[in-house]
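Since the structure comes first, as C-alpha cells, the remarks are kept for the end.
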Amino acid sequence: MINRLVILGATGDLTARYLLPALAALRAAGHLGDHFRLTGASREDWDGEQYREWVTTQLNRHGGTCPADAKKALADAARYQRADVTDPVDVASAIVGDGPVAVYLALPPALFPVVVTALHHAGLPAGSRIVLEKPFGEDLASAQELNRLLADLVPEQSLFRVDHFLAMTTVQNLLGSRLANRVLEPLWNSTHIAHVDIVWDETLALEGRAGYYDTVGALKDMVQNHLLQLLCLVAMEPPITLGERDLRNRKVDVLRSVRLLTEEDVVRRTRRARYLPGRIGDHDIPAYADEEGVNPARRTETFAEVELELDSWRWSGTTFRLRTGKALNADRKEVAVRFRSVPHLPFGHSGDPLPNVLRFGLEPEGMTLDLTGVGSRAHTLTALSLTAQMEPPELPAYGRLLLDVLNGNPAMSIRGDEAEEAWRVLTPVLSVWESDLVPLEEYPAGSGGPALRPDYGGGQRRRGDLLHPEAAPPDPASS
C-alpha cells in the first residue's frame, strides 16, 4: 500500500467536498495508518499551518459524522506546497519523498496534458500511480493524445482514470444482482427487456460551478463518463472474474457494440436543453444563461438525452436511454430496466397489466421491482411493488476509490482504450450538436424538463416520462 498521496489542485471544491472527507473516513475505518502523509499543492500563497487550518475547516463542513480524532489525524498528516502545477520544478518539489507516491490530478481536464508533461519531466519514483478525474480528455483526439503521454510515464496498471460512480455501492449492486441471482440471467436480454433507462435528474442547479460546467455541459459531464459506465455494467456479458482484466474487457466490448449514430439519428434520437428562470422548493432559480460566470454564447446544455442501441446477440432490439438534467422538479437517479409486456392475458380481468420494471436506485440507494397482481376487488389488476432498502455503505464512494488507488487495484477504474471508446460513441453527437442541427431547447427551472418533440425517438412519451408518468408531473409553466 502506498502511504503518500499528493493532490494537485488541493484547495479546490473536489478536494474540500469529497477527497478530504473520504480520506478521513479511511482513517476512521483503519485503512490509513500513522505513516500516511498527504501533500496538497496549489497556487495559494499558504504555509503548512494555514493549509492544515483549511483542511480542518473543510472536514468540519463536509465530513459528516466522521469521528473528530480521524479528522484531526488527517489534518496533522497534511503538508502544503505552493506550486504552479504546470511547472516541472514546482511539481518535483511537491512529489519529493521516499518511495512511491500517488498523484491525484484534482484539476480541470484541459490542464491534464500540460500537468502530465510536467510530471514526466519532474520524474516519478518507481511504483508511483497517477489519478485523473473525469472527463478524460475533451474529445476523442485529446483522449488519444493524453493516453500517449501517460504511456510514457507509468504502466497502464498504475493509471487510475477514476469515476466515483463505479465505487458507489448501488452501482456495484447492478453487477451483484445480475451475477448472484440465477432468476435474472435468463431474462437479461432483448427477448424480455424492451428499454433500459439510465437517469441522473437532479434539482440541483449550477451552484457556483460555472468555471467548470460552462466549458463542459451535461453531455460531457455526465453522459460521456458516468452514464456510459452504468450502461457497461448493465449490458456487459458476465465476466469470468471481477479482476481488472476480465471486468474491463467486458466493459470495452459493450462500448464497441454501440451502434454509431448517423447525422439523422442524432437529430431524431438526442436532445439538449438549458434551464430558464423558475422556482425549486422555496428558492428562485435564475436562468442558466444569467448565472454568474456563464458565457451564454457557449450555448452550454444543462439537459441531455441520448438513445442508443447495441449490435450484439444479447441486446439487439433493446433501447438504452441515457438522460441527465439540472434544475428539474425532482431528484431521480436510477437505472430502470423495463421488461416487455406479456403477449396475452388468458382471463377476463379488467385493467391493463403494468410493465414489469426493475429499478436500481442510486441516490437514495435501494431496489424496487414493479409487478402486476390482483387487487382487493375481484377480477381487477393492480400494481404491486417489492422494495428493498440497502444498508448504508461502509465507505463513501471516494473512499472506496482512494483505497483502490493506494492498494493498487485498478479494476473499477477506466482503461485507456475504454476511455477512447466512450468518446467514439458520442463523437457524432458532439459534431451534430456543434452544427446546431439539434436545437438547444429550454425548460423552466423546477419543471420536468423540455417538452417532448413529436419526432423524437418513438415519439409517444411525454416530457420526463421515461418509464412512469408520475415521476415527472406536467409543468404548468409550459402547458
Run the ring pair (Phe, Tyr, Trp, His ring centres under 6.0 Å) test against F36 and tell me which residues pass, sequence neighbours left out. none
Output every pair passing salt bridge (Lys or Arg N to Asp or Glu O under 4.0 Å) with a member in residues 105-116, not counting sequence neighbours, ordered by first then second residue. none
If a pair satisfies salt bridge (Lys or Arg N to Asp or Glu O under 4.0 Å) and one of its residues is in residues 147-169, list it, with sequence neighbours excluded.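 Only E145-R148, E156-R161 qualify under salt bridge (Lys or Arg N to Asp or Glu O under 4.0 Å).
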Whether the side chain of W423 engages the backbone of F136 through a donor-acceptor N/O pair (distance < 3.5 Å, no angle test) should be reported. yes
Would you find a donor on one side and an acceptor on the other, under 3.5 Å apart, between the side chain of S435 and the backbone of S431?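 Flag set: sc S435 to bb S431 pair under 3.5 Å.
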Parallel under 30°, tilted from 30 to 60°, perpendicular over 60°: which one fits the rings of H226 and H164?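 H226 vs H164 ring planes: perpendicular.
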Does a side chain donor of either [X] or [Y] reach within less than 3.5 Å of an acceptor in the other side chain?
{"X": "Q224", "Y": "K134", "result": "no"}
{"X": "D13", "Y": "Y212", "result": "no"}
{"X": "N356", "Y": "R338", "result": "no"}

Taking 4.0 angstrom as the limit, do K220 and E138 come out as a salt bridge?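 Salt bridge between K220 and E138, a charged N being under 4.0 Å from a carboxylate O: no.
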Is the shortest side-chain N to carboxylate O distance from E301 to R299 below 4.0 Å? no
Test log, rule side-chain contact (heavy atoms from CB on, under 4.5 Å), inputs R359 and D370: CA-CA 8 Å; R359 305 179 191 280; D370 296 337; 3.0 Å; yes
Please check if atom CZ in R245 has more than 12 non-hydrogen atoms from other residues, nucleotides or ligands closer than 6.0 Å. no
